[in-house]
Peer 1: 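Quick one: this structure, given as structure tokens, is what I'll be asking you about.
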Amino acid sequence: MKEPLRKKFAARVKAIRHASGMSQEAFADKCGFARSYMSRIERGGANPSLDALETIAEALGIEVKALFESASPASAKKKAAPITVPFAADGTCFNPSLKRKRTGRFTVGEKGHLIDFDDFEAALAHLKAMKQAYWLRPNSAGNWGIVTAVRWDALPKK
């Protein structure tokens, strides 16, 4: 069954908000919305107006069209620019396969300040915003640990 646009939009807003580091309450305040309304938007239970879309985009510091980028597979395929990701000293990189099986999330951040993201793009956006990029990945023994970026480069093709 096809996922409704409202649900895709809700997931995208939530992911971008998470990547910005704002709490839902702080984000609602920045938009001038009640927190309960913002909660409904992020759950896909509200159908925001065009004015609300503009307000959300402004609060996130993005264009309105960016709120729908992941909702359209066709527009994602049109992008020719490679995705730039952080690489560790051993040559491994942050990539979609690092979604943890147990939690189904990507974990980024420094020790004591780890943040989980449901989607790769949101986690990558947070890594890009960090002064120094850190993420969790398994070592050769399968134990998860934090690695540090030494460079940024194009995500290798599978």
Peer 1: Could you tell me whether R35 atom CZ has more than 12 heavy atoms of other residues or ligands within 6.0 Å of it?
Peer 2: no
Peer 1: Cation over ring, R137 on W144, under 6.0 Å and within 45°?
Peer 2: no
Peer 1: At what distance, to the nearest 0.5 angstrom, does CG of D116 lie from NE2 of H126?
Peer 2: 11.0 Å
Peer 1: Walk me through whether L67 and L60 qualify under side chain to side chain contact (heavy atoms under 4.5 Å, CB included).
Peer 2: CA-CA 10 Å; L67 293 170; L60 292 169; 4.0 Å; yes
Peer 1: Going by heavy atoms in the side chains, are V85 and D153 under 4.5 Å from each other?
Peer 2: no
Peer 1: In Å and rounded to the nearest 0.5 Å, what is the SG to CZ distance from C31 to R17?
Peer 2: 10.5 Å
Peer 1: Could you give the distance from NZ (K131) to CD (E110), rounded to the nearest 0.5 Å?
Peer 2: 10.0 Å
Peer 1: Would you say the side chain of I41 lies within less than 4.5 Å of the side chain of F9, judging by non-hydrogen atoms?
Peer 2: yes
Peer 1: Shortest non-hydrogen contact from F87 to P156?
Peer 2: CZ-CD, 4.0 Å
Peer 1: State the CE-CZ distance between M38 and F33, to the nearest 0.5 angstrom.
Peer 2: 5.5 Å
Peer 1: Decide yes or no on side chain to side chain contact (heavy atoms under 4.5 Å, CB included) for D90 and V147, but give the supporting numbers first.
Peer 2: CA-CA 10 Å; D90 65 359; V147 291; 5.8 Å; no
Peer 1: I'd like to check I56 versus F27 (side-chain heavy atoms, cut-off strictly below 4.5 Å). Are they in contact?
Peer 2: yes
Peer 1: Okay, side chain of T55, backbone of D51: is any donor-acceptor separation there less than 3.5 Å?
Peer 2: yes
Peer 1: Mind checking whether Y37 and P48 have side chains closer than 4.5 Å, heavy atoms only?
Peer 2: yes
Peer 1: Please tell me whether F120 and F94 form a close aromatic pair, meaning their ring centres lie under 6.0 Å apart.
Peer 2: yes
Peer 1: Answer yes or no: is there an ion pair linking D119 with K99, defined by an N-O contact shorter than 4.0 Å?
Peer 2: no
Peer 1: Just wondering, are more than 12 heavy atoms of other shown residues or ligands nearer than 6.0 Å to CD in E63?
Peer 2: no
Peer 1: Taking K30 for the side chain and A59 for the main chain, is one N or O donor matched with an acceptor at less than 3.5 Å?
Peer 2: yes
Peer 1: Looking only at heavy atoms, what is the nearest atom pair of F68 and V64, with distance?
Peer 2: CD1-O, 3.7 Å
Peer 1: Give the C-alpha distance, both sets of side-chain angles, the deciding distance and a yes or no for side chain to side chain contact (heavy atoms under 4.5 Å, CB included) between I16 and I62.
Peer 2: CA-CA 10 Å; I16 296 171; I62 60 174; 3.8 Å; yes
Peer 1: Are any of the side-chain heavy atoms of K8 and R12 separated by less than 4.5 Å?
Peer 2: no
Peer 1: To the nearest 0.5 Å, what is the distance between OG1 on T84 and CG on L127?
Peer 2: 12.5 Å
Peer 1: Which heavy-atom pair separates Q132 from A149 by the least distance, and what is that distance?
Peer 2: NE2-O, 2.6 Å
Peer 1: For the residue pair R43 and K7, what are the closest heavy atoms and their distance?
Peer 2: O-NZ, 3.0 Å
Peer 1: Just checking K128: does its NZ atom have more than 12 heavy atoms from other residues, nucleotides or ligands closer to it than 6.0 angstrom?
Peer 2: yes
Peer 1: Taking the side chain as everything from C-beta on, heavy atoms only, tell me whether L155 gets closer than 4.5 Å to N95.
Peer 2: yes
Peer 1: How about P86 and C93: do any of their side-chain heavy atoms sit closer than 4.5 Å?
Peer 2: no
Peer 1: Linking I/L/V/M/F/W/Y whenever their side-chain heavy atoms sit closer than 4.5 Å, directly or via other members, would V150 and W135 fall into one cluster?
Peer 2: no
Peer 1: Enter the distance from L98:CG to R105:CZ here, rounded to the nearest 0.5 Å.
Peer 2: 16.0 Å
Peer 1: With heavy-atom distances below 4.5 Å as the criterion, would you say the side chains of L124 and I83 are in contact?
Peer 2: yes
